[in-house]
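Reading through the structure tokens given below for one structure.
Just so we're on the same page: letters track the sequence lines, and every chain starts at 1. Bear in mind the structure is a predicted one, so any value in this text is a computation, not a measurement.
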Amino acid sequence: MTATTTGRPARPAGTARSARVLAAVTVSEGRLYLREPAAVFFGLFFPAVLLVALGLLMPWAKEPFGEAPPLSEITAITGYTPIVLALAIGTVAYTTFPPTMGTYREKGVLRRLSTTPLPPSRMLTAQLLVNLGMLVVASALAVVGGAVVLGVTMPRDPLVVLLVFVVAAAANMAVGALIAAVVPNQGAATGAGMLTYMTSLFFAGVWFPLPLMPEVVQTISRYTPLGAASQALAAGWYEGRFPGVELAVMAAWTLVMVPLAARLFRWT
Amino acid sequence: MTAPVIEVAGLRKTYGPKVAVDDVSLVVGRGEIVGILGPNGAGKTTTVECIGGLRVPDAGTVRVLGLDPRHDRAALRERLGLQLQESEMPAKITVREALDLYATFYANPADPGELIRDLGLADRATTQFRRLSGGQKQRLSVALALVGNPEVAILDELTTGLDPQARRETWGVIERIRERGVTILLVTHFMEEAERLADRVLLIDAGKVVAEGTPAQLAARATAQTVRFSTAEPLPAGLLEQIPGVAAVTGDGTDYEVRGAEVAVDVVLAVTGAGLRPQHLRVEQGSLEEAFVSIVGNGPKEA
């Protein structure tokens, strides 16, 4: 093995790690996302459609949200708006992101990537960016649609809502990333994702508004990623309270889930 | 002799109690096409996965272009193209989009448009992956393995699952790649494929190299010739069997079939020596397929 050194032509290394390549992968993944009608509907339009449909069809929409302040000061549909934003976060985190990664693993897309100079984590990053992009658009559509069509009251503390939204997206995408990291195929990803999604929607108050649920459910909800998101968004939207506990809970979920997902991630 | 492109010595890989690769050594020179041939489960794919740095061997050394696949992974990825079994693309990506995307991963990529033409995909450039035929998917797969302008390409089970027409088209593609000067390690379980494409063939069975040589050399190692003829009268009993090199004689009345290594001339001489003429004489050279069966079937199998 001594006299076998092969001449190495000089090749600039690290091209695949550049931001340009991440951008190319993200654009490609975004284009593929937009070619999936179901993902486009649920990821982009479902929150707005749900909010507007409930607002127009439900007799309770224009009623006060509760009997005592602050709930009595807003309409029920305004009270439902932070819940819909939590639903938008859950939708991308649990129903579009993990199944795509499960499919890529099942079909060997990740395996093929592992044969190229691209660090396969770039695919994960691109997927996160695409889903976050969809989430921002979906949330804007819901809020604007709610305001224009239903006259939903805007947040009392917009900066708190914005901060909560970012932290909540991070926490729930982190939980979604753990699912995406380990599921062997699309079926498992969809199953695990939907189970998490449905449970999360319950704790976020989608099925039944949280302020009207028993105290014990509200307490449990505060420690789940999407329940904390829903309560913190409500705090900034109409309660006028700084959601310190909820933000800490979501930060904790993120700090535990991200390293765990990174550690458990499987390429095949 | 120039330095070898791929050098493997004493490669061993086990999965729990199962020995996938027992002891494989091989050398591939620059510009060569070497076929790795063997039955399913012989350890072919594990061998190339170790060479490609996708798996870590338990023992042995692997050098590709002088690089250690484990430690020089990033450098190797730029110069080695790997086409793996069962690696698909996203269903709705088009041929052109896939190649353009993969080209961005490499420092000195090939021209995707040229590859699309070379691999006969020009009329499918805007077709989504899910709408490609099996042969077109395989050709895209080969194109993706070549888009980084690799010096060496590993193609695993290139034509498995393709119909004969698509298989021949894909072989044509490999012959054109050879003209680009790319060194190719070709894993297959089709003898015909190795015979057509490979300069040299390694037969792997139960995790070991059991034979090595050009397709013609390997074929000659097997029951090299089959001689068929008939005679006007039956030949004396035992006449053909005693010819040196004859492995088997089957006969039906005055029709004979003799198998053995380089026996045709001796058979004809023996028949004429017995005062008869071999009629309807046909001689068939052994194929790699027969070599494969005889070597793998009877070869040493201690594991």
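For a residue to count as touching a neighbouring chain, one of its non-hydrogen atoms must lie under 4.5 Å from one of that chain's; by this rule R31(A) touches chain B with the side chain only. For S114(A), the parts lying under 4.5 angstrom from a heavy atom of chain B are both the backbone and the side chain. Of the two parts of V25(A), the backbone and the side chain both hold a non-hydrogen atom closer than 4.5 Å to a non-hydrogen atom of chain B. For a residue to count as touching a neighbouring chain, one of its non-hydrogen atoms must lie under 4.5 Å from one of that chain's; by this rule I154(B) does not touch chain A. For L113(A), the parts lying under 4.5 angstrom from a heavy atom of chain B are both the backbone and the side chain. Interface remark: L54(B) contributes side-chain atoms only to the contact with chain A (heavy atom separation under 4.5 Å). Only the side chain of Q128(B) has a heavy atom closer than 4.5 Å to any heavy atom of chain A. Neither the backbone nor the side chain of E106(A) comes within contact range of chain B; no heavy atom of the residue lies under 4.5 Å from a heavy atom of that chain. Both the backbone and the side chain of L82(B) come within contact range of chain A, each with at least one heavy atom under 4.5 Å from a heavy atom of that chain.
In this structure, the separation between CZ on F129(B) and NZ on K107(A) is 9.0 Å, given to the nearest 0.5 Å.
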> So R112(A) and E86(B), salt bridge (charged side-chain N to carboxylate O under 4.0 Å, His left out) or not? Walk me through it.
Replying inline: CA-CA 9 Å; R112(A) 189 198 296 276; E86(B) 289 155 17; over 6 Å; no
> Going through the checks in order, is the salt bridge (charged side-chain N to carboxylate O under 4.0 Å, His left out) test met by E29(A) and K92(B)?
Replying inline: CA-CA 10 Å; E29(A) 287 305 302; K92(B) 294 191 177 175; over 6 Å; no
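Between chain B and the residues T115(A), L118(A), V109(A), the largest count of heavy-atom pairs under 4.5 Å involves T115(A). Counting heavy-atom pairs under 4.5 Å between each of Q83(B), M89(B), R73(B), E97(B) and chain A puts E97(B) at the top.
The shortest heavy-atom contact between L101(B) and S28(A) is CD2-OG, 3.6 Å. Scanning all heavy atoms of the two residues, the minimum distance from A16(A) to F105(B) falls at CB-O, 3.4 Å.
Salt-bridge annotation for E49(B) and R111(A): present, with a side-chain N of the basic residue lying under 4.0 Å from a carboxylate O of the acidic one.
Within a 6.0 Å sphere centred on CZ of R131(B), other residues, nucleotides and ligands contribute 12 heavy atoms or fewer. Residue R266(A) qualifies as enclosed at atom CZ: its count of foreign heavy atoms under 6.0 Å is above 12.
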